[in-house]
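So that the names make sense, note that chain A is the first sequence line, chain B the second, and so on, each numbered from 1. Quantities reported herein were computed from a predicted structural model and do not represent experimental measurements.
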Number of protein chains: 2
Amino acid sequence: MKTPGTSTRAEQREASRQSVLEAAAELFSHFGFEGTSMNSISDKAGVSKQNMIYYFGSKEGLWEEMLDWLFANVADSFDEVLYKGRSVDQISISDFIRAYFEVCRRHPAYVLIPMLEGVNDTWRSKMIAERYLSRHVGRFNRFVRACADRGEISDVEPLHLQNLAAGGAQLFLALAPIWKLAAGKDTTSEKFIREYAETVVRLLKPAS
Amino acid sequence: MKTPGTSTRAEQREASRQSVLEAAAELFSHFGFEGTSMNSISDKAGVSKQNMIYYFGSKEGLWEEMLDWLFANVADSFDEVLYKGRSVDQISISDFIRAYFEVCRRHPAYVLIPMLEGVNDTWRSKMIAERYLSRHVGRFNRFVRACADRGEISDVEPLHLQNLAAGGAQLFLALAPIWKLAAGKDTTSEKFIREYAETVVRLLKPAS
DNA sequence: GTCTATACCCAGATAGAC
DNA sequence: GTCTATCTGGGTATAGAC
């Protein structure tokens with residue numbers, strides 16, 4: 001039996017919020033903050049614009065909630081694909097790269113939004129950097145040092161490695177439309193990304 | 001002595017067009033097509049909006065002329081930095097990567113515009129791909145095969161190599177604001193880019 | 001809580017005087 | 001060729017009925 005009254009309303013509201021967040025992530029990630037209108041989000045989500053603003057307060061508020069929602073989803077995927085309860089010490093650089101590429105493939109907006117926003121120094125860039133990337137960069141640096149100590153990778157500046165390990169797939173995934181047009185290949189397929197991960201892993205192996 | 005009459009007018013017009021193109025490249029490359037207004041371009045260029053539209057017909061027309069102008073400038077830089085009259089056979093992969101990074105550093109818009117536009121399949125992506133990137137990709141593939149034949153690089157899929165060789169610097173340069181915020185480093189400095197080029201070159205060396 | 005109607009602003013583009 | 005003035009459309013956000 002469905003509980004009547006407030007419970008159903010709350011459920012309805014949550015469902016609407018959810019579909020707005022999904023639509024917002026999709027549109028913001030493709031057209032940027034300025035290039036995305038509240039009309040297009042509400043159309044895509046099937047929620048009236050007025051209610052959407054009522055839920056999220058403003059376009060800025062919606063963007064902010066979308067960001068937190070997105071990064072929470074990504075963190076869940078990371079746990080599922082990579083950590084599975086393991087600690088950082090138990091993860092090899094190959095595992096990391098392969099898993100990272102896979103997570104990026106599953107969450108296009110995770111790749112696209114920092115890419116579109118990171119071009120400028122705005123409140124949105126600041127929010128992405130402060131809430132998420134700073135922690136990410138620090139954690140990655142510690143991970144790289146551990147891998148280097150174990151002799152798993154050749155001696156590479158962590159930031160360079162981060163760019164090689166994470167950035168390459170980001171470009172293939174984010175710029176898939178233009179890669180398709182220019183090179184005629186689908187750079188988002190699971191196979192393509194897996195093979196690229198293998199290339200990167202191979203190049204990073206220390207010359208024994 | 002300045003020639004009077006039509007000549008001066010043509011010069012004036014050319015100077016105005018030039019300053020509009022510069023402003024347009026700067027703004028389009030940071031805020032995207034939708035995110036850039038004709039008002040902001042005309043303000044930055046110091047040319048009235050009405051005359052700007054008179055010169056370029058429309059926002060679309062201006063974008064198109066800006067693209068050709070930009071890629072022509074980039075081609076000049078490539079000639080200056082890399083080719084210097086040499087043929088492709090005389091250029092090593094190290095030279096290429098270092099030069100490519102330097103050209104990207106000199107022309108931020110060359111990196112940013114394909115990045116912001118390449119996310120979607122629009123008339124602008126098509127124009128970038130058809131007029132420029134397709135040729136670029138084909139040329140690069142031939143170059144890579146030549147390098148591989150000479151044993152200069154380990155056996156890597158050309159598209160992967162292209163992404164490693166070209167993409168890495170693009171991300172550091174394009175996303176400099178967010179890298180600065182997240183990692184506290186200026187990833188656009190000549191020194192930083194040179195060092196990153198050296199890392200890439202080193203990793204690509206075949207394990208002898 | 002959810003609708004209709006609308007206020008208000010800025011976008012791109014045009015008309016017409018000079 | 002370059003201005004002033006203006007049109008039309010779409011943007012975010014709000015007011016108020018229900």
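Side chains of B/Asp95 and B/Tyr100: no donor on one and acceptor on the other come within 3.5 Å.
With sequence neighbours left out, A/His107 forms a ring-ring contact (aromatic ring centres under 6.0 Å, His included) with no residue at all. Partners of B/Val144 according to the side-chain contact (heavy atoms from CB on, under 4.5 Å) rule, which considers only residues two or more places apart in sequence or in another chain, are B/Phe140, B/Ile153, B/Pro158, B/Leu161.
First and last contacting nucleotides of DNA chain D toward chain B (any atom under 4.0 angstrom from a heavy atom, 5' to 3' order): D/dG1 to D/dA5.
A salt bridge does not link A/Arg202 to A/Glu198: none of the charged side-chain nitrogens sits closer than 4.0 Å to a carboxylate oxygen. A salt bridge does not link A/Glu22 to A/Arg17: none of the charged side-chain nitrogens sits closer than 4.0 Å to a carboxylate oxygen. Between B/Asp79 and B/Lys84, no side-chain nitrogen of the basic residue sits less than 4.0 Å from a carboxylate oxygen of the acidic one, so the salt-bridge criterion is not met. Ion pair A/Lys180/A/Asp186 not flagged as a salt bridge, since none of the NZ, NE, NH1 or NH2 atoms sits closer than 4.0 Å to an Asp/Glu carboxylate oxygen. Between B/Lys191 and B/Glu195 there is a salt bridge, since at least one side-chain N of the basic residue sits less than 4.0 Å from a carboxylate O of the acidic one.
Spacing between atom CE of B/Met52 and atom P of C/dG12 amounts to 8 Å, rounded to whole angstrom units. Whole-Å rounding puts the B/Lys59 NZ to C/dC10 C1' distance at 12 Å. A straight line from CD1 of B/Ile53 to C1' of C/dT14 spans 9 Å, rounded to a whole angstrom. Atom CH2 in B/Trp63 sits about 16 Å away from atom P in C/dG12, given to the nearest Å. Note: CG (B/Asp43) to C1' (C/dA11) measures 13 Å, nearest angstrom.
Judged by the 6.0 Å distance and 45° axis criteria, A/Lys59 is positioned over the aromatic ring of A/Phe33.
Under the side chain to side chain donor-acceptor pair (under 3.5 Å) criterion, the residue pairs touching residues 109-120 of chain B are B/Glu117-B/Arg124, with sequence neighbours excluded.
A 4.5 Å side-chain heavy-atom check between B/Trp63 and B/Ile113 finds at least one atom pair inside the cut-off.
Residue contacts for A/Phe56: at a heavy-atom cut-off of 4.0 Å it reaches no nucleic acid atom on any strand shown.
Of the residues in residues 22-39 of chain B, not one places a heavy atom less than 4.0 Å from an atom of DNA chain D.
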Sub-3.5 Å pairs of nitrogen or oxygen atoms, protein against nucleotides 5-9 of chain C:
unit_1, atom_1, unit_2, atom_2, d
C/dA5, N6, A/Gln50, NE2, 3.1

